[in-house]
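Following: one structure in structure tokens, then a few remarks.
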Amino acid sequence: MPEMLEVEAYRRLAATVLGRTIVGVDAPDGWFLKGGITAGQLTDALCGHRFVADRRIGKLLLLDLDHGPALGLRFGMTGRLLVDGRASIDHLEYSSDRDDPVWDRFALAFADGGDLRLRDPRRLGGVELDPRTDRLGIDALALTPAGLREVLGASEAPLKARLMDQARVAGLGNLLTDEILWRAGLDPARAAGSLSPAELRRLHRHLGATLRELGERGGSHTGDLQAMRARDGVCPRDGARLLRRTIGGRTTYSCPVHQL
DNA sequence: ATTGTGGCCTGCCCGC
DNA sequence: TGCGGGCAGGCCACAA
């Protein structure tokens, strides 16, 4: 599903629409419009204008307009971005491998004949004008060791839940978090505030390295643990039967032998 | 404030 | 062969 690595790929693709004049807005799905905005208001705000900058905070993609407000795009767990008929991510875990235009929930047409489409079978994403960003924590790729220590604090909440709390650190979803904790050898159910200084450093190092490596591989589903995230999965490192639990409200796989 | 829970959405897969 | 139930999780509302 789109976690920060997928949205980062979407951002790079969206950068190709900067400077192109918007001449049409197609928003056929009212449910997909968030923040109380209507299709008409969106058309008024966008038509005749151009995007001048692309930004990403966690899983939120922001396209700044030439006259002030920003268009916010969210992709839920099955949303994809297409520009001029091209997609930057071919396969999405848990989404459909079919590719059906009826799943286009939002589209922009440009004066040069191209277009930008948000294709989302499950309709869990959304489009918003000037979305609030003050409720998002620091982007996970910008997290320093001290920042990570602050994110975890003295919390008694499970380590995994704290890492997936978008208000504290933005961008980490279920698959990335499982992969990072598996690599770092940390039990996702541990109290977030219980890490020793050495464990904190180890987590920070694996967090950055995992984001970079999986980003290069092509997404959050390309982790070493991914193939074993199944009911009878075994740990790729030591062969132990993986634990399958619900932590932070999400299905969680971890190794009982080396994640302590 | 912190933490946990349930519901939203719909395609897909399994078992009958 | 069709059908029903369970599952996936990002996000938000709500409760204790």
Side-chain angles (χ1 to χ4, degrees), chain A residues 1-11 27-37 56-62 72-81 89 91-106 118-128 131-137 139-140 150-181 188-194 219-221 223 225-233 242 244-254:
Chain A
M1 73 292 313
E3 302 184 27
M4 59 184 292
L5 299 179
E6 284 75 17
V7 180
E8 175 65 12
Y10 296 165
R11 183 191 65 76
D29 187 352
W31 161 265
F32 214 71
L33 305 182
K34 309 300 181 183
I37 199 167
R56 180 189 60 79
I57 307 174
K59 307 170 192 172
L60 174 66
L61 177 59
L62 291 159
L73 301 178
R74 294 183 179 282
F75 301 90
M77 67 180 283
T78 56
R80 292 200 290 170
L81 189 71
I89 301 274
H91 171 74
L92 266 190
E93 203 71 15
Y94 303 123
S95 189
S96 175
D97 281 335
R98 283 200 297 135
D99 202 23
D100 195 330
V102 304
W103 296 328
D104 287 354
R105 311 299 180 186
F106 176 76
L118 210 170
R119 187 167 291 177
D120 183 4
R122 293 269 262 287
R123 301 169 78 210
L124 285 164
V127 174
E128 191 172 357
R132 293 184 61 167
T133 57
D134 57 317
R135 288 170 179 264
L136 286 175
D139 188 80
E150 193 175 321
V151 162
L152 300 183
S155 172
E156 292 291 322
L159 177 56
K160 174 171 177 175
R162 197 78 166 186
L163 290 173
M164 289 200 304
D165 182 348
Q166 303 297 304
R168 300 184 187 279
V169 52
L172 302 179
N174 200 39
L175 299 185
L176 281 177
T177 309
D178 271 9
E179 176 77 14
I180 290 164
L181 292 175
R190 280 266 299 273
S194 70
S220 47
H221 64 287
L225 180 64
Q226 181 61 31
M228 290 298 175
R229 291 184 91 265
R231 288 184 188 276
D232 54 355
L242 293 175
R244 181 185 190 272
R245 293 173 289 180
T246 297
I247 299 173
R250 294 289 161 250
T251 301
T252 301
Y253 288 88
S254 66

Rounded to the nearest angstrom, tell me the gap between atom [atom1] in [X] and atom [atom2] in [N].
X        : N      : atom1 : atom2 : value
A:Leu136 : C:dG10 : CG    : P     : 14 Å
A:Asp165 : C:dG10 : CG    : P     : 13 Å
A:Tyr253 : C:dC7  : OH    : P     : 11 Å
A:Asp120 : C:dG10 : CG    : C1'   : 10 Å
A:Leu73  : C:dG10 : CG    : P     : 18 Å
A:Phe106 : B:dC9  : CZ    : P     : 21 Å
A:Arg231 : B:dC13 : CZ    : P     : 16 Å
A:Arg245 : C:dC7  : CZ    : C1'   : 20 Å

From [options], nucleotide with atom closest to [X] side chain:
X        : options               : result
A:Glu156 : B:dT3, C:dG9, C:dC7   : B:dT3
A:Asn174 : C:dC7, B:dT3, C:dG9   : C:dG9
A:Leu175 : B:dT3, C:dG9, C:dA8   : C:dG9
A:Leu124 : B:dG4, C:dC11, B:dC9  : B:dC9
A:Arg123 : B:dC9, B:dT2, C:dC11  : B:dC9
A:Gln166 : B:dT3, B:dG11, C:dC11 : C:dC11
A:Arg250 : C:dC7, B:dG7, C:dC12  : B:dG7

OP1, OP2 of [N] versus side-chain N and O of [X]: anything below 4.0 Å?
X        : N     : value
A:Ser155 : B:dT3 : yes
A:Trp31  : B:dC8 : no
A:Arg229 : C:dC7 : no
A:Arg244 : C:dA8 : yes
A:Thr251 : C:dA8 : yes

Does the base of C:dG9 carry an N or O that pairs as donor and acceptor with the side chain of A:Arg122 under 3.5 Å?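 In this structure, the two groups form no donor-acceptor pair.
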Which is true for [X] with a 4.0 Å heavy-atom rule: it touches a base, it touches only sugar-phosphate, or it touches nothing?
X        : result
A:Gly173 : sugar-phosphate
A:Arg105 : nothing
A:Arg162 : sugar-phosphate

Kindly say whether [Y] contributes a backbone atom to a donor-acceptor pair with the side chain of [X] at under 3.5 angstrom?
X        : Y        : result
A:Gln166 : A:Met164 : yes
A:Ser155 : A:Leu152 : no
A:Asp178 : A:Thr252 : no
A:Asp120 : A:Arg123 : yes
A:Glu156 : A:Gly193 : no

Flag the pair A:Arg56 and A:Asp139 as a salt bridge only when some basic side-chain nitrogen lies within less than 4.0 angstrom of an acidic carboxylate oxygen. yes
